[in-house]
Amino acid sequence: MLFLALRHLAARKKQTFFTVLGIFFGTAAFVVISTMMLGFREYLLGELVNNDAHVHIKAREEFLEEHSLDRYFSRGNYLFWKTAPSGRISSEGVTNPEKWYQILEKDPRVAFFSPQCATFATCGYGKSAISTNFVGCDPAKQKLMTKVGSHMTAGNFADLERSNHCIVLGHQVEKKLGVKLAQNILVSTPFGPPIPFKVVGIFRTDNVFLDFCAYGKLEDVQLLKNSPRQVTEIAVKLHDHSQALKLASLWSGLGLEKIESWDQINANIFEMFKIQDAVRFLSVGAVLLVAGFGIYNVLNMTVMQKRKDIAILRSMGYSTKEVVFLFFSQGLILGLAGASLGLIFGYFFGLYLETIPFGGGPLSMGPGHLMVSRSPWIYLQGGVMGLLSSALASLLPARSSGRLSPIEIIRAGAE
(Lines give C-alpha, C1' and ligand atoms only; values in the text may rest on other atoms or scores of the structure.)
Protein backbone atom coordinates (compact mmCIF):
# COMPACT_ATOMS: atom_id res chain seq x y z
CA MET A 1 0.00 0.00 0.00
CA LEU A 2 2.89 2.35 0.63
CA PHE A 3 4.09 1.75 -2.92
CA LEU A 4 0.66 2.72 -4.27
CA ALA A 5 0.60 5.80 -1.99
CA LEU A 6 3.95 6.95 -3.36
CA ARG A 7 2.75 6.35 -6.94
CA HIS A 8 -0.30 8.52 -6.31
CA LEU A 9 1.85 11.33 -4.90
CA ALA A 10 4.38 11.06 -7.75
CA ALA A 11 1.59 11.33 -10.30
CA ARG A 12 0.69 14.82 -8.96
CA LYS A 13 4.11 16.40 -8.62
CA LYS A 14 3.00 20.02 -8.54
CA GLN A 15 0.23 19.45 -5.99
CA THR A 16 2.53 17.32 -3.87
CA PHE A 17 5.28 19.95 -3.97
CA PHE A 18 3.07 22.84 -2.84
CA THR A 19 1.41 20.74 -0.13
CA VAL A 20 4.81 19.76 1.29
CA LEU A 21 5.83 23.41 1.04
CA GLY A 22 2.94 24.45 3.29
CA ILE A 23 3.92 22.01 6.03
CA PHE A 24 7.57 23.01 5.54
CA PHE A 25 6.86 26.72 6.09
CA GLY A 26 4.71 26.06 9.14
CA THR A 27 7.26 23.80 10.83
CA ALA A 28 10.24 26.00 9.91
CA ALA A 29 8.44 29.11 11.19
CA PHE A 30 7.67 27.38 14.49
CA VAL A 31 11.30 26.29 14.97
CA VAL A 32 12.79 29.70 14.07
CA ILE A 33 10.34 31.71 16.20
CA SER A 34 10.67 29.29 19.12
CA THR A 35 14.47 29.22 19.08
CA MET A 36 14.58 33.03 19.19
CA MET A 37 11.92 33.47 21.87
CA LEU A 38 13.14 30.63 24.07
CA GLY A 39 16.77 31.67 23.58
CA PHE A 40 16.02 35.12 24.96
CA ARG A 41 13.96 33.52 27.74
CA GLU A 42 16.81 31.22 28.77
CA TYR A 43 19.24 34.14 28.78
CA LEU A 44 16.89 36.31 30.85
CA LEU A 45 16.18 33.54 33.36
CA GLY A 46 19.89 32.85 33.64
CA GLU A 47 20.53 36.50 34.42
CA LEU A 48 17.74 36.54 37.03
CA VAL A 49 18.98 33.36 38.70
CA ASN A 50 22.72 34.14 38.61
CA ASN A 51 22.62 37.90 39.28
CA ASP A 52 20.27 37.94 42.24
CA ALA A 53 19.30 36.02 45.34
CA HIS A 54 16.87 33.13 45.06
CA VAL A 55 14.97 34.19 48.19
CA HIS A 56 14.72 37.69 49.70
CA ILE A 57 13.97 38.13 53.40
CA LYS A 58 12.96 41.78 53.73
CA ALA A 59 11.67 44.11 56.40
CA ARG A 60 8.06 43.66 57.47
CA GLU A 61 5.52 45.43 55.30
CA GLU A 62 1.87 45.80 56.32
CA PHE A 63 -0.90 47.89 54.74
CA LEU A 64 -3.70 49.43 56.77
CA GLU A 65 -7.26 48.46 55.85
CA GLU A 66 -10.66 49.47 57.19
CA HIS A 67 -10.66 47.01 60.10
CA SER A 68 -6.93 46.89 60.78
CA LEU A 69 -7.28 48.96 63.99
CA ASP A 70 -10.35 47.21 65.39
CA ARG A 71 -8.26 45.08 67.72
CA TYR A 72 -7.15 48.17 69.63
CA PHE A 73 -10.73 48.97 70.66
CA SER A 74 -13.28 47.17 72.85
CA ARG A 75 -15.14 44.35 71.12
CA GLY A 76 -18.48 45.83 72.17
CA ASN A 77 -17.91 49.04 70.25
CA TYR A 78 -18.92 49.42 66.63
CA LEU A 79 -16.56 51.63 64.70
CA PHE A 80 -17.65 53.86 61.87
CA TRP A 81 -14.94 55.77 60.03
CA LYS A 82 -15.47 59.01 58.14
CA THR A 83 -12.27 58.13 56.35
CA ALA A 84 -11.11 54.53 56.58
CA PRO A 85 -7.53 53.96 57.82
CA SER A 86 -4.97 53.72 55.08
CA GLY A 87 -1.22 53.81 54.65
CA ARG A 88 1.60 51.40 55.32
CA ILE A 89 3.14 50.09 58.50
CA SER A 90 6.64 48.91 57.77
CA SER A 91 9.88 48.32 59.61
CA GLU A 92 13.13 49.92 58.55
CA GLY A 93 14.94 46.61 58.82
CA VAL A 94 14.63 42.91 59.55
CA THR A 95 13.34 42.68 63.10
CA ASN A 96 15.54 39.85 64.38
CA PRO A 97 18.26 39.01 61.83
CA GLU A 98 20.13 36.73 64.25
CA LYS A 99 17.13 34.41 64.39
CA TRP A 100 17.15 34.14 60.60
CA TYR A 101 20.90 33.50 60.55
CA GLN A 102 20.38 30.46 62.78
CA ILE A 103 17.50 29.15 60.64
CA LEU A 104 19.44 29.55 57.40
CA GLU A 105 22.65 28.01 58.75
CA LYS A 106 20.78 24.85 59.77
CA ASP A 107 18.87 24.44 56.49
CA PRO A 108 20.78 22.07 54.13
CA ARG A 109 18.97 23.53 51.10
CA VAL A 110 20.67 26.91 51.62
CA ALA A 111 24.00 27.33 49.84
CA PHE A 112 24.84 30.65 51.57
CA PHE A 113 23.21 33.90 52.60
CA SER A 114 24.28 37.52 52.79
CA PRO A 115 22.88 40.25 55.06
CA GLN A 116 22.48 43.57 53.27
CA CYS A 117 21.70 47.16 54.18
CA ALA A 118 20.53 49.19 51.18
CA THR A 119 19.65 52.87 50.93
CA PHE A 120 19.17 55.52 48.29
CA ALA A 121 22.18 57.79 48.43
CA THR A 122 23.54 60.80 46.57
CA CYS A 123 27.06 60.47 45.22
CA GLY A 124 28.90 63.73 44.54
CA TYR A 125 32.18 64.49 42.79
CA GLY A 126 33.06 68.11 42.14
CA LYS A 127 29.94 69.78 40.76
CA SER A 128 28.38 66.49 39.62
CA ALA A 129 25.92 64.51 41.70
CA ILE A 130 23.76 61.46 41.05
CA SER A 131 21.33 59.35 43.07
CA THR A 132 22.02 55.66 43.31
CA ASN A 133 21.00 52.54 45.17
CA PHE A 134 23.86 51.99 47.63
CA VAL A 135 24.02 48.38 48.82
CA GLY A 136 25.99 47.44 51.90
CA CYS A 137 27.04 43.78 51.84
CA ASP A 138 29.59 41.17 52.73
CA PRO A 139 31.90 41.48 49.67
CA ALA A 140 32.97 37.81 49.68
CA LYS A 141 29.37 36.54 49.77
CA GLN A 142 28.13 39.15 47.30
CA LYS A 143 30.58 37.85 44.69
CA LEU A 144 28.98 34.44 45.12
CA MET A 145 25.47 35.88 45.16
CA THR A 146 25.84 37.72 41.84
CA LYS A 147 28.25 37.86 38.91
CA VAL A 148 29.36 41.40 39.76
CA GLY A 149 32.91 40.20 40.37
CA SER A 150 33.22 38.96 36.78
CA HIS A 151 31.91 42.26 35.39
CA MET A 152 34.66 44.44 36.90
CA THR A 153 36.23 46.80 34.36
CA ALA A 154 38.59 48.42 36.89
CA GLY A 155 39.79 47.42 40.34
CA ASN A 156 38.70 44.36 42.28
CA PHE A 157 35.44 43.80 44.14
CA ALA A 158 37.33 42.11 46.97
CA ASP A 159 39.12 45.44 47.68
CA LEU A 160 36.00 46.51 49.62
CA GLU A 161 37.15 44.25 52.47
CA ARG A 162 40.63 45.73 52.80
CA SER A 163 39.74 49.10 54.30
CA ASN A 164 36.80 51.18 55.47
CA HIS A 165 34.81 53.71 53.42
CA CYS A 166 35.43 52.10 50.05
CA ILE A 167 32.90 51.92 47.23
CA VAL A 168 32.45 50.01 43.96
CA LEU A 169 30.49 51.98 41.35
CA GLY A 170 28.35 50.85 38.46
CA HIS A 171 29.45 52.03 35.02
CA GLN A 172 26.58 54.52 34.68
CA VAL A 173 27.35 56.14 38.06
CA GLU A 174 31.04 56.41 37.20
CA LYS A 175 30.19 57.86 33.78
CA LYS A 176 27.77 60.48 35.14
CA LEU A 177 30.18 61.61 37.86
CA GLY A 178 33.28 61.53 35.69
CA VAL A 179 35.23 59.89 38.49
CA LYS A 180 38.15 57.50 38.13
CA LEU A 181 39.60 54.65 40.13
CA ALA A 182 41.25 55.59 43.47
CA GLN A 183 39.52 58.99 43.60
CA ASN A 184 37.25 60.05 46.49
CA ILE A 185 33.56 60.93 46.26
CA LEU A 186 31.10 62.24 48.82
CA VAL A 187 28.16 59.98 49.64
CA SER A 188 25.23 61.40 51.58
CA THR A 189 21.79 60.29 52.80
CA PRO A 190 19.03 62.14 54.69
CA PHE A 191 20.04 60.27 57.85
CA GLY A 192 23.43 61.87 58.48
CA PRO A 193 26.30 64.01 57.22
CA PRO A 194 28.15 63.19 53.96
CA ILE A 195 31.00 60.71 54.21
CA PRO A 196 33.93 60.47 51.76
CA PHE A 197 34.33 57.10 50.04
CA LYS A 198 37.25 55.90 47.97
CA VAL A 199 36.44 54.33 44.58
CA VAL A 200 38.14 50.93 44.55
CA GLY A 201 36.30 49.34 41.63
CA ILE A 202 34.00 49.89 38.65
CA PHE A 203 31.75 47.24 37.13
CA ARG A 204 29.75 47.11 33.92
CA THR A 205 26.99 44.57 33.23
CA ASP A 206 25.39 46.38 30.26
CA ASN A 207 22.17 46.27 32.29
CA VAL A 208 21.24 49.91 32.74
CA PHE A 209 19.46 49.23 36.05
CA LEU A 210 22.31 47.33 37.67
CA ASP A 211 24.90 49.79 36.37
CA PHE A 212 23.23 52.58 38.35
CA CYS A 213 23.99 50.75 41.63
CA ALA A 214 26.93 50.98 44.00
CA TYR A 215 28.32 48.55 46.59
CA GLY A 216 30.05 49.07 49.88
CA LYS A 217 30.77 47.19 53.10
CA LEU A 218 27.78 46.46 55.30
CA GLU A 219 29.20 48.38 58.26
CA ASP A 220 29.97 51.45 56.14
CA VAL A 221 26.41 51.72 54.80
CA GLN A 222 24.99 51.18 58.28
CA LEU A 223 27.15 54.05 59.51
CA LEU A 224 26.06 56.21 56.58
CA LYS A 225 22.41 55.58 57.48
CA ASN A 226 23.16 56.21 61.14
CA SER A 227 21.62 52.80 61.88
CA PRO A 228 24.21 50.46 63.44
CA ARG A 229 23.52 46.73 62.97
CA GLN A 230 20.48 47.40 60.77
CA VAL A 231 19.79 44.81 58.06
CA THR A 232 17.21 45.73 55.42
CA GLU A 233 17.39 42.39 53.63
CA ILE A 234 18.88 38.91 53.89
CA ALA A 235 19.67 37.55 50.44
CA VAL A 236 19.59 33.76 50.25
CA LYS A 237 21.15 31.54 47.57
CA LEU A 238 19.88 27.96 47.29
CA HIS A 239 21.48 24.83 45.91
CA ASP A 240 18.37 24.37 43.73
CA HIS A 241 16.70 27.62 42.63
CA SER A 242 13.52 25.73 41.64
CA GLN A 243 12.74 25.28 45.37
CA ALA A 244 12.69 29.03 46.00
CA LEU A 245 8.90 29.43 45.93
CA LYS A 246 8.36 26.44 48.22
CA LEU A 247 10.90 27.67 50.79
CA ALA A 248 9.59 31.26 50.66
CA SER A 249 6.10 29.99 51.51
CA LEU A 250 7.50 27.81 54.31
CA TRP A 251 9.61 30.57 55.86
CA SER A 252 6.76 33.10 55.70
CA GLY A 253 5.22 31.36 58.70
CA LEU A 254 8.37 31.72 60.82
CA GLY A 255 8.27 35.50 61.26
CA LEU A 256 6.70 38.81 60.33
CA GLU A 257 9.22 39.58 57.60
CA LYS A 258 8.25 39.85 53.93
CA ILE A 259 9.70 36.81 52.15
CA GLU A 260 9.68 36.54 48.37
CA SER A 261 11.24 34.13 45.92
CA TRP A 262 12.91 35.28 42.73
CA ASP A 263 10.03 33.99 40.60
CA GLN A 264 7.44 35.82 42.75
CA ILE A 265 9.32 39.08 42.31
CA ASN A 266 9.50 38.54 38.54
CA ALA A 267 5.94 37.24 38.15
CA ASN A 268 5.22 39.82 35.43
CA ILE A 269 8.04 38.38 33.32
CA PHE A 270 6.53 34.89 33.55
CA GLU A 271 3.18 36.34 32.43
CA MET A 272 4.97 37.79 29.43
CA PHE A 273 6.36 34.32 28.68
CA LYS A 274 2.82 32.90 28.64
CA ILE A 275 1.74 35.55 26.13
CA GLN A 276 4.78 34.73 23.99
CA ASP A 277 3.86 31.04 23.97
CA ALA A 278 0.27 31.84 22.98
CA VAL A 279 1.42 34.06 20.10
CA ARG A 280 3.95 31.45 19.01
CA PHE A 281 1.48 28.57 18.82
CA LEU A 282 -1.36 30.63 17.34
CA SER A 283 0.74 32.16 14.57
CA VAL A 284 2.26 28.84 13.54
CA GLY A 285 -1.07 27.05 14.01
CA ALA A 286 -2.62 29.39 11.43
CA VAL A 287 0.05 28.42 8.87
CA LEU A 288 -0.39 24.71 9.56
CA LEU A 289 -4.17 25.07 9.38
CA VAL A 290 -3.89 26.47 5.86
CA ALA A 291 -1.49 23.66 4.95
CA GLY A 292 -3.93 21.14 6.42
CA PHE A 293 -6.71 22.44 4.20
CA GLY A 294 -4.37 21.97 1.26
CA ILE A 295 -3.80 18.33 2.19
CA TYR A 296 -7.54 17.81 2.67
CA ASN A 297 -8.38 19.25 -0.75
CA VAL A 298 -5.65 17.26 -2.51
CA LEU A 299 -6.64 13.95 -0.94
CA ASN A 300 -10.34 14.61 -1.38
CA MET A 301 -9.84 15.22 -5.10
CA THR A 302 -7.64 12.12 -5.28
CA VAL A 303 -10.37 9.98 -3.75
CA MET A 304 -12.85 11.32 -6.31
CA GLN A 305 -10.46 10.72 -9.18
CA LYS A 306 -9.39 7.27 -8.02
CA ARG A 307 -12.83 5.75 -7.48
CA LYS A 308 -12.23 3.25 -10.26
CA ASP A 309 -8.93 2.22 -8.67
CA ILE A 310 -10.66 1.85 -5.31
CA ALA A 311 -13.29 -0.42 -6.93
CA ILE A 312 -10.58 -2.57 -8.47
CA LEU A 313 -8.69 -2.85 -5.17
CA ARG A 314 -11.83 -3.80 -3.27
CA SER A 315 -12.72 -6.35 -5.96
CA MET A 316 -9.26 -7.91 -5.62
CA GLY A 317 -9.90 -8.49 -1.93
CA TYR A 318 -8.37 -5.44 -0.24
CA SER A 319 -10.17 -4.61 2.98
CA THR A 320 -11.70 -1.29 3.97
CA LYS A 321 -8.85 -0.66 6.44
CA GLU A 322 -6.24 -1.16 3.74
CA VAL A 323 -7.97 1.33 1.42
CA VAL A 324 -8.24 3.84 4.27
CA PHE A 325 -4.54 3.33 5.03
CA LEU A 326 -3.69 3.94 1.36
CA PHE A 327 -4.99 7.51 1.45
CA PHE A 328 -4.21 8.19 5.10
CA SER A 329 -0.57 7.24 4.51
CA GLN A 330 -0.37 9.79 1.70
CA GLY A 331 -1.20 12.55 4.18
CA LEU A 332 1.36 11.21 6.65
CA ILE A 333 4.03 11.07 3.95
CA LEU A 334 3.32 14.68 2.99
CA GLY A 335 3.43 15.74 6.65
CA LEU A 336 6.59 13.77 7.40
CA ALA A 337 8.41 15.21 4.38
CA GLY A 338 7.35 18.80 5.08
CA ALA A 339 8.02 18.58 8.84
CA SER A 340 11.45 16.97 8.34
CA LEU A 341 12.55 19.61 5.85
CA GLY A 342 11.19 22.35 8.12
CA LEU A 343 13.09 21.03 11.14
CA ILE A 344 16.35 20.79 9.19
CA PHE A 345 15.95 24.29 7.78
CA GLY A 346 15.01 25.69 11.21
CA TYR A 347 18.08 24.14 12.83
CA PHE A 348 20.58 25.56 10.33
CA PHE A 349 18.82 28.93 10.22
CA GLY A 350 19.15 29.03 14.02
CA LEU A 351 22.92 28.51 13.64
CA TYR A 352 22.97 31.52 11.34
CA LEU A 353 20.94 33.64 13.76
CA GLU A 354 23.55 33.07 16.47
CA THR A 355 26.10 34.93 14.35
CA ILE A 356 23.98 38.12 14.04
CA PRO A 357 25.19 40.96 16.31
CA PHE A 358 22.43 42.20 18.58
CA GLY A 359 22.48 44.60 21.54
CA GLY A 360 25.63 45.67 23.27
CA GLY A 361 24.67 49.37 23.30
CA PRO A 362 24.61 51.65 26.34
CA LEU A 363 21.00 50.74 27.14
CA SER A 364 21.33 47.10 26.16
CA MET A 365 20.49 44.17 28.38
CA GLY A 366 21.62 41.62 25.80
CA PRO A 367 24.78 39.56 25.43
CA GLY A 368 25.88 41.19 22.16
CA HIS A 369 24.39 38.66 19.73
CA LEU A 370 21.10 36.85 19.24
CA MET A 371 20.49 34.11 21.76
CA VAL A 372 19.12 30.90 20.24
CA SER A 373 17.74 27.97 22.21
CA ARG A 374 18.85 24.44 21.37
CA SER A 375 16.15 22.71 23.39
CA PRO A 376 15.12 19.38 21.79
CA TRP A 377 11.52 20.10 22.85
CA ILE A 378 11.31 22.77 20.15
CA TYR A 379 12.02 20.26 17.38
CA LEU A 380 9.79 17.62 18.96
CA GLN A 381 6.86 20.06 19.22
CA GLY A 382 7.43 21.34 15.67
CA GLY A 383 7.52 17.83 14.24
CA VAL A 384 4.42 16.73 16.17
CA MET A 385 2.48 19.82 15.06
CA GLY A 386 3.39 19.23 11.41
CA LEU A 387 2.46 15.53 11.51
CA LEU A 388 -0.68 16.14 13.54
CA SER A 389 -2.04 18.76 11.13
CA SER A 390 -1.41 16.49 8.12
CA ALA A 391 -2.89 13.44 9.89
CA LEU A 392 -6.08 15.28 10.84
CA ALA A 393 -6.41 16.76 7.36
CA SER A 394 -6.09 13.34 5.69
CA LEU A 395 -8.42 11.54 8.08
CA LEU A 396 -11.75 12.58 6.47
CA PRO A 397 -10.78 11.83 2.84
CA ALA A 398 -9.31 8.48 3.94
CA ARG A 399 -12.51 7.52 5.78
CA SER A 400 -14.66 8.51 2.82
CA SER A 401 -12.56 6.31 0.54
CA GLY A 402 -13.13 3.33 2.80
CA ARG A 403 -16.91 3.74 2.66
CA LEU A 404 -17.02 3.31 -1.11
CA SER A 405 -18.04 -0.15 -2.31
CA PRO A 406 -17.37 -1.57 -5.80
CA ILE A 407 -21.09 -1.91 -6.55
CA GLU A 408 -21.80 1.74 -5.67
CA ILE A 409 -18.92 2.90 -7.87
CA ILE A 410 -20.11 0.80 -10.83
CA ARG A 411 -23.70 1.99 -10.40
CA ALA A 412 -22.49 5.61 -10.36
CA GLY A 413 -20.72 4.99 -13.62
CA ALA A 414 -17.23 5.70 -12.33
CA GLU A 415 -14.56 5.58 -14.98
Side-chain angles (χ1 to χ4, degrees), residues 45-64 68 87-121 132-149 157 160-161 168 189 191 209-210 213-270:
L45 290 177
E47 290 296 302
L48 292 175
V49 170
N50 296 323
N51 270 324
D52 202 359
H54 297 155
V55 180
H56 300 261
I57 303 175
K58 301 179 181 179
R60 179 174 65 94
E61 190 177 72
E62 181 182 351
F63 293 92
L64 285 176
S68 297
R88 186 177 71 174
I89 303 174
S90 59
S91 303
E92 293 185 359
V94 177
T95 306
N96 188 359
E98 287 77 13
K99 179 194 76 172
W100 286 107
Y101 299 161
Q102 295 175 3
I103 294 173
L104 297 174
E105 285 173 352
K106 294 177 181 178
D107 198 320
R109 294 164 292 189
V110 176
F112 51 86
F113 60 90
S114 174
Q116 297 178 352
C117 182
T119 183
F120 285 102
T132 183
N133 183 30
F134 193 15
V135 180
C137 61
D138 182 330
K141 291 183 177 180
Q142 191 66 28
K143 285 183 66 177
L144 299 173
M145 190 72 62
T146 68
K147 295 192 296 185
V148 64
F157 195 82
L160 286 175
E161 296 182 288
V168 172
T189 66
F191 309 105
F209 305 106
L210 294 178
C213 293
Y215 290 96
K217 278 205 316 187
L218 178 64
E219 297 80 6
D220 292 338
V221 178
Q222 289 172 339
L223 178 64
L224 184 68
K225 287 188 67 177
N226 198 21
S227 301
R229 303 181 64 81
Q230 184 187 86
V231 174
T232 59
E233 178 180 336
I234 302 175
V236 183
K237 205 79 166 180
L238 305 176
H239 292 292
D240 182 6
H241 68 272
S242 63
Q243 294 187 345
L245 180 60
K246 175 184 175 182
L247 288 177
S249 301
L250 178 64
W251 292 340
S252 295
L254 302 180
L256 299 175
E257 280 71 26
K258 180 181 179 181
I259 303 177
E260 291 182 306
S261 62
W262 68 276
D263 42 354
Q264 286 178 309
I265 294 174
N266 299 288
N268 58 331
I269 295 179
F270 287 93

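Everything numeric here is computed off the predicted structure, so don't read it as measured data. These numbers come from the heavy atoms of this one structure, side chains and all, not from hydrogens, waters or symmetry mates.
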S.K.: Just by distance, do the side chain of T189 and the backbone of K225 share a donor-acceptor pair under 3.5 Å?
M.R.: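 No.
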S.K.: May I ask you to test the W251-D107 pair for a side-chain heavy-atom distance under 4.5 Å?
M.R.: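 A side-chain contact under 4.5 Å exists here.
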S.K.: Starting at CD of Q142, measure out to CZ of F157 and round the result to the nearest 0.5 Å.
M.R.: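 The distance works out to 5.5 Å.
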S.K.: Could you pull out the closest heavy-atom pair between Y215 and C137, with the gap in Å?
M.R.: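 Closest heavy-atom pair between Y215 and C137: CD2-SG, 4.1 Å.
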S.K.: Side-chain contact test, heavy atoms from C-beta onward, threshold under 4.5 Å: evaluate it for V231 versus W100 and give yes or no.
M.R.: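 Sidechains of W100 and V231: no contact.
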S.K.: Might you point out which heavy atoms bring A118 and N133 nearest each other, and give the distance in Å?
M.R.: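 The answer is CB-OD1, 4.0 Å.
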S.K.: Could you please spell out the steps behind the side chain to side chain contact (heavy atoms under 4.5 Å, CB included) verdict for I234 and Y101?
M.R.: CA-CA 9 Å; I234 302 175; Y101 299 161; 3.8 Å; yes
S.K.: Between CD of Q264 and CZ of F270, what distance do you get to the nearest 0.5 Å?
M.R.: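 Going from CD on Q264 over to CZ on F270, the span is 10.5 Å.
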S.K.: Check whether any side-chain heavy atom of D52 lies under 4.5 Å from a side-chain heavy atom of I265, and answer yes or no.
M.R.: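 The answer is no; the side chains never approach within 4.5 Å.
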S.K.: Check whether F112 forms a cation-pi arrangement with K237 (NZ or CZ under 6.0 Å from the six-membered ring centre, at most 45° off the ring normal).
M.R.: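 Output no; distance or angle outside limits.
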S.K.: Can you tell me how far apart SG (C117) and CG (L218) are? Round to the nearest 0.5 Å.
M.R.: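 One finds 6.5 Å between SG of C117 and CG of L218.
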S.K.: Looking at E233, Q116, E260, which hits side chain to side chain donor-acceptor pair (under 3.5 Å) with H56?
M.R.: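 Of the listed residues E233, Q116, E260, the side chain to side chain donor-acceptor pair (under 3.5 Å) partner of H56 is E233.
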S.K.: Work out which heavy atom in A235 is nearest to a heavy atom in M145; give both atom names and the distance.
M.R.: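 Nearest heavy atoms, A235 then M145: O-CE, 3.3 Å.
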S.K.: Strictly distance-based, threshold 3.5 Å: is any side-chain N or O of Q230 a donor or acceptor partner for the main-chain N or O of Q222?
M.R.: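 Flag not set: sc Q230 to bb Q222 has no pair under 3.5 Å.
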S.K.: Could you walk me through whether I57 and L104 pass the side chain to side chain contact (heavy atoms under 4.5 Å, CB included) test, one step at a time?
M.R.: CA-CA 11 Å; I57 303 175; L104 297 174; 4.2 Å; yes
S.K.: Looking only at heavy atoms, what is the nearest atom pair of T119 and F191, with distance?
M.R.: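 Closest approach of T119 to F191, heavy atoms only: OG1-CE1, 3.9 Å.
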S.K.: Which heavy atom of V55 sits nearest to which heavy atom of L238, and what is that distance?
M.R.: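 Heavy atoms of V55 and L238 come nearest at CG2-CD1, 4.1 Å.
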S.K.: Can you tell me how far CG of L144 sits from OG of S114, rounded to the nearest 0.5 angstrom?
M.R.: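 Rounded to the nearest 0.5 Å, the OG-CG separation comes out at 9.5 Å.
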S.K.: Is there a donor-acceptor pair under 3.5 Å between the side chain of W262 and the backbone N or O of H241?
M.R.: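 Yes; judged by distance alone, with no hydrogens or angles, the pair exists.
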S.K.: Given E257 and T95, is the side chain to side chain contact (heavy atoms under 4.5 Å, CB included) satisfied, shown in steps?
M.R.: CA-CA 8 Å; E257 280 71 26; T95 306; 3.2 Å; yes
S.K.: Around atom NZ of K246, are there more than 12 heavy atoms from other residues, nucleotides or ligands closer than 6.0 Å?
M.R.: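 Incorrect, the count does not exceed 12.
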S.K.: Would you indicate whether the side-chain heavy atoms of V110 and E105 approach each other to under 4.5 Å?
M.R.: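 Sidechains of V110 and E105: no contact.
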S.K.: Kindly give the heavy-atom pair with the smallest separation between K217 and P139, and that separation in Å.
M.R.: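 Between these two residues, the closest heavy atoms are CG-CG, 4.2 Å.
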